[in-house]
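Quick note on labels: first sequence line is chain A, next is B, and so on, each numbered from 1.
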Amino acid sequence: MNKIEESLKSIVKDSVKKVYDIELLDTDIVVEIPKDPSFGDYSTNVAMRLTKQLRQNPRAVAEKIVEELKKNSYFEDVTIAGPGFINFRLSKKAFTRVINDVLLQNNNYGKNSSGKGLRILVEYVSANPTGDLHLGHARGAVWGDCITRLLNASGYDCLREYYVNDGGHQIDMLSESLYSRYCELFGIEYPLPEDGYHAQDIIDIAKQIKEEDDDKWLHVDPKERFLIFKDKGIKLELAKIERDLSNYNCEFDSWISEKSLYDTGYVQSTLELMEKMGLTYEQDGALWLKTTLYGDDKDRVLRKQDGSYTYFTPDIANHIYKLERGYTKLVNLWGADHHGYVPRMCGALDALGNPKNTLEVDIIQMVRLVENGKEVKMSKRTGNAITIRELCEEVGVDAARYTFVSRAVDTHLDFDIGIAKSKTSENPVYYAQYAHARICSLLKEYPIFTPVPSYDLIGDEKEKLLIKQMNEFPEIVADAALTRAPHKICNFIQKFSQYIHSYYGSFKIKQLDNQELINQRLCLLKACKITLKNALGLIGVSAPESMNRE
RNA sequence: GUCCACAUAGCUCAGCUGGAUAGAGCAACGGCCUUCUAAGCCGUAGGUCAUGGGUUCGAAUCCCUUUGUGGACGCCA
C-alpha cells in the first residue's frame with residue numbers, strides 16, 4: 001500500500017467511525033484510481049460495502065460520509081457518482097509528495113518489504129544437459145529470472161536454482177552419442193544409439209574434445225571411457241547452457257546436481273524416511289509410493305524392477321533438500337508437458353508431512369515461433385529446433401526478454417519473430433526505452449535543478465497521471481511478486497511510457513520562461529526517469545540514455 | 001476415454017480474490033516536425049468478452065453445460 005492510499009484509507013475509516021460508529025479494517029476498504037480521470041484522482045466503494053449492514057441505499061450512505069470527508073484539507077473536492085462511488089480530488093501538496101520520495105530513494109524506489117522474513121526457493125529452466133536450450137526454456141528462463149528479481153525487490157530471501165539432471169538414462173545416451181561423433185572425426189564407425197542425441201551441438205563438442213585430447217580416448221577401456229565421456233559431456237553442455245543463460249541476463253545462485261543427491265546419500269535417506277513412514281510398498285518387484293492418498297490419480301514407482309530408480313525418486317530428495325536448507329516456500333516453473341507430474345510431486349511433499357502448498361508449480365505454456373503468419377518449426381541454418389542463442393542473435397536480448405515477459409504464462413504464446421526483430425513502433429520494448437532516452441536527453445540539456453519542498457506549479461492533468469502512476473509503482477512490484485506475475489510490470493511500463501510520451505509532446509520545456517516552473521518539471525521528469533529505469537530493471541531490460549537509429 | 005489449462009477488437013494480448021461507458025499495441029483511416037530525438041503525439045473506426053444457463057444490487061471476472069484449441073495420462077526424463 002502506498003502513502004496516498006494509506007492516508008486515504010485512514011481518513012475514510014475515521015469518517016465512517018464518526019458518522020456510523022463502525023470500525024472498519026483496511027481490508028474492508030478498496031481505494032483505487034478510477035478508469036476515467038474525470039471522476040477524480042482516487043475513489044472508494046466503501047458506501048456500497050456498507051449497504052447491507054446499514055440497510056440503506058448506497059448513495060444515502062455515501063452522502064453522509066462525504067459530508068464528513070469534505071472537512072479534511074487533504075482534499076480539494078469529494079463527490080458521489082454512479083451507484084455510490086465516492087470520488088476524491090487531492091490537494092496539490094498531498095499529491096506531489098511522491099516526487100521527492102522518488103528522488104531520494106533513487107535506485108531503490110519500488111523496493112518494498114512485503115516479503116520480509118519469507119524464504120523462497122525458485123527452481124526453473126532445469127533443462128537436461130544434453131543439448132541446447134530452446135524457445136520453451138527461454139520463456140521459462142525469463143519468467144523465472146523476472147520473478148526472482150521481483151521477489152528480491154520485495155524483501156523476500158530468494159534463491160535461484162537450476163536442477164541438473166545428470167543421473168539418468170539420458171546421460172548414458174549423451175556419453176554414447178558423443179563418443180560416436182568423436183569416432184566419426186577419426187573415420188571410425190561407432191553406432192549412434194537410436195534414442196541418442198543427433199543434433200549439431202554434440203558434433204561441436206566432439207570436435208572440442210578432439211582438439212584438446214586428440215585420439216587419446218580411442219585406446220582406453222570402454223567402461224572407463226564411457227564414464228569419462230559422460231563427465232565431459234555434462235561439463236561442456238552445462239558450460240554452454242550457463243553461458244547462453246548469462247548472455248540472456250539470467251543468472252542462477254545454485255546449480256544442484258541429481259547425481260550429487262545420490263553421492264551424498266540424500267536419495268537413500270529419503271527412501272528410508274518414506275519407508276519408515278509407511279508410505280511405500282513392494283509390488284511386481286518394484287517399490288511404489290502411495291501418492292494416491294494425497295491427490296494423485298495413481299501410485300508411482302520409486303525403484304524399478306531392475307533395481308534402478310525412476311526420475312521421481314531423486315527429485316523427491318531434491319525437494320527435501322530444498323526444505324532442509326531452510327526454504328519454507330518452493331516454487332517450480334515447469335513446461336506444459338510436465339503438468340501431469342505436478343500432483344505426484346505435491347503429493348509426495350504432502351505425504352512427508354509438509355504444510356499444504358509448500359510447493360507451487362507454475363506451468364509455462366508452449367511457445368510457437370511465427371514469421372509472416374506462418375509457424376517456423378526449425379532453424380533454417382541448422383535444421384534443428386531454434387536455440388536460445390539463435391533467438392538472441394536474431395532479435396536481441398531486450399526484445400526477446402520483453403516479448404516473453406509481457407504475456408502471462410498460462411496462455412500459449414505466438415512469438416512473432418518479425419515484430420521482435422523490427423526496430424519500429426511495432427515493437428513495444430523500444431517504445432519504453434525511447435521514453436527513457438527522451439527524458440535523458442532533456443536532462444542533459446538542463447543538468448541543474450533542485451528539489452523543492454512543495455511543487456505548487458505542478459498539477460496539470462497529464463502531470464497528475466505521471467504522479468499517480470509513479471506512486472503506484474512499489475505496490476505494483478509487491479503485487480507482481482506475490483502473484484508471480486512479472487507481466488504486470490510490463491503493463492505498468494507500457495502505460496507509464498505512454499504518459500511520458502504524451503507529456504513530453506505537450507509541454508516543451510524549452511518554450512518556457514518561468515525558471516521555477518522549469519525546475520519543478522525537471523524534478524518531476526527526473527523522478528519519472530528513475531521509476532521507468534527501475535521498472536525496466538525488474539524485467540532485466542536495459543534503459544538506454546539514447547536511442548541510436550540505424 | 002479420463003484429467004488439466006486456455007477461448008476478450010481484423011492480429012498479438014491486458015483486464016479475472018465481482019464494481020462506473022471492457023482497455024492497449026499493431027494493422028486501417030485523418031491530422032501534427034523552423035522549437036528538448038517523429039522509434040513520437042493528437043484524433044476516427046473497430047466488441048454478442050466462444051455457447052447456454054445459474055449465483056446477486058451488480059459478472060469478461062465466481063459456479064455448471066456445450067463447443068473449439070493445446071497438453072498430460074511410462075517401471076521415460
With the criterion being N/O to N/O and under 3.5 Å, what pairs connect the protein with nucleotides 18-23 of chain B, and how long is each?
from, atom 1, to, atom 2, distance (Å)
B/rA20, OP2, A/Lys35, NZ, 3.0
B/rA20, N6, A/Ser43, OG, 3.0
B/rA20, N6, A/Asn87, OD1, 3.1
B/rA20, N1, A/Asn87, OD1, 3.2
B/rA20, N1, A/Asn87, ND2, 3.3

message: Has A/Asp306 got a side-chain atom pairing as donor or acceptor with A/Ser308's backbone, closer than 3.5 angstrom?
response: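 Yes: the side chain of A/Asp306 pairs with the backbone of A/Ser308.
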
field: Nearest-nucleotide comparison on RNA chain B, the residue closer to the 5′ end among A/Ser497 and A/Asp306
entry: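 The 5'-side residue here is A/Ser497.
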
query: In terms of the nearest nucleotide of RNA chain B, which residue is placed more toward the 5' end: A/Ala336 or A/Gln365?
result: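 Per heavy-atom nearest nucleotide, the more 5' residue is A/Gln365.
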
- prompt: Of the non-hydrogen atoms in A/Ile539 and A/Cys146, which two are nearest, and what is the gap between them?
  reply: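 Heavy atoms only, the tightest pair is CA-SG, 3.6 Å.
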
Can you tell me the pairing partner of [N] across any strand shown, Watson-Crick or G-U wobble, with both distances under 3.5 angstrom?
{"N": "B/rU34", "answer": "none"}
{"N": "B/rU21", "answer": "none"}
{"N": "B/rA60", "answer": "none"}
{"N": "B/rC3", "answer": "B/rG71"}
{"N": "B/rU44", "answer": "B/rA28"}

- request: Report the distance from atom OH of A/Tyr281 to atom C1' of B/rC75, rounded to the nearest whole Å.
  value: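 The distance from OH of A/Tyr281 to C1' of B/rC75 comes to 12 Å, rounded to the nearest Å.
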
Would you say [X] places a side-chain N or O within less than 4.0 Å of OP1 or OP2 belonging to [N]?
{"X": "A/Arg521", "N": "B/rC36", "result": "no"}
{"X": "A/Lys298", "N": "B/rC3", "result": "no"}
{"X": "A/Ser502", "N": "B/rC42", "result": "yes"}
{"X": "A/Tyr499", "N": "B/rA24", "result": "no"}
{"X": "A/Lys508", "N": "B/rC41", "result": "no"}

Taking atom types as modelled, find out whether [X] and [Y] have a side-chain donor-acceptor pair closer than 3.5 angstrom.
{"X": "A/Gln170", "Y": "A/Asn165", "result": "no"}
{"X": "A/Thr291", "Y": "A/Asp296", "result": "yes"}
{"X": "A/Glu463", "Y": "A/Tyr503", "result": "yes"}

message: Distance check, P atoms only: B/rG46 and B/rA5, in whole angstrom units.
response: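 Taking atom P in both B/rG46 and B/rA5, they lie 36 Å apart.
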
- prompt: Between B/rA38 and B/rG71, how far is it from one P atom to the other, in whole Å?
  reply: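 Those two atoms are separated by 46 Å.
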
Syn or anti for B/rC41 (syn when the glycosidic angle lies within 90° of 0):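 Anti, since the glycosidic angle lies more than 90° from 0.
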
field: Side-chain-base donor-acceptor pair under 3.5 Å for A/His339 and B/rG71
entry: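 Answer yes: a donor N or O sits under 3.5 Å from an acceptor.
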
- prompt: Is the A/Tyr281 ring parallel, tilted or perpendicular to the A/Trp288 ring (thresholds 30°, 60°)?
  reply: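 Taking A/Trp288 first and then A/Tyr281, their aromatic rings lie parallel (interplane angle under 30°).
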
- prompt: Taking the six-membered ring for Trp, are A/Tyr341 and A/Phe312 parallel (under 30°), tilted (30 to 60°) or perpendicular (over 60°)?
  reply: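 A/Tyr341 and A/Phe312: perpendicular rings.
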
Using a heavy-atom cut-off of under 4.0 Å over every strand shown, decide if [X] touches base, sugar-phosphate, or nothing.
{"X": "A/His487", "value": "sugar-phosphate"}
{"X": "A/Phe507", "value": "base"}
{"X": "A/Asp315", "value": "nothing"}

- request: Tell me which nucleotide among B/rA72, B/rC36, B/rG40 gets nearest to the side chain of A/Asp337.
  value: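 Selected nucleotide (nearest to the side chain): B/rA72.
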
query: Is any side-chain N of the basic residue among A/Lys533 and A/Glu545 closer than 4.0 Å to the acidic one's carboxylate O?
result: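 Salt bridge: no.
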
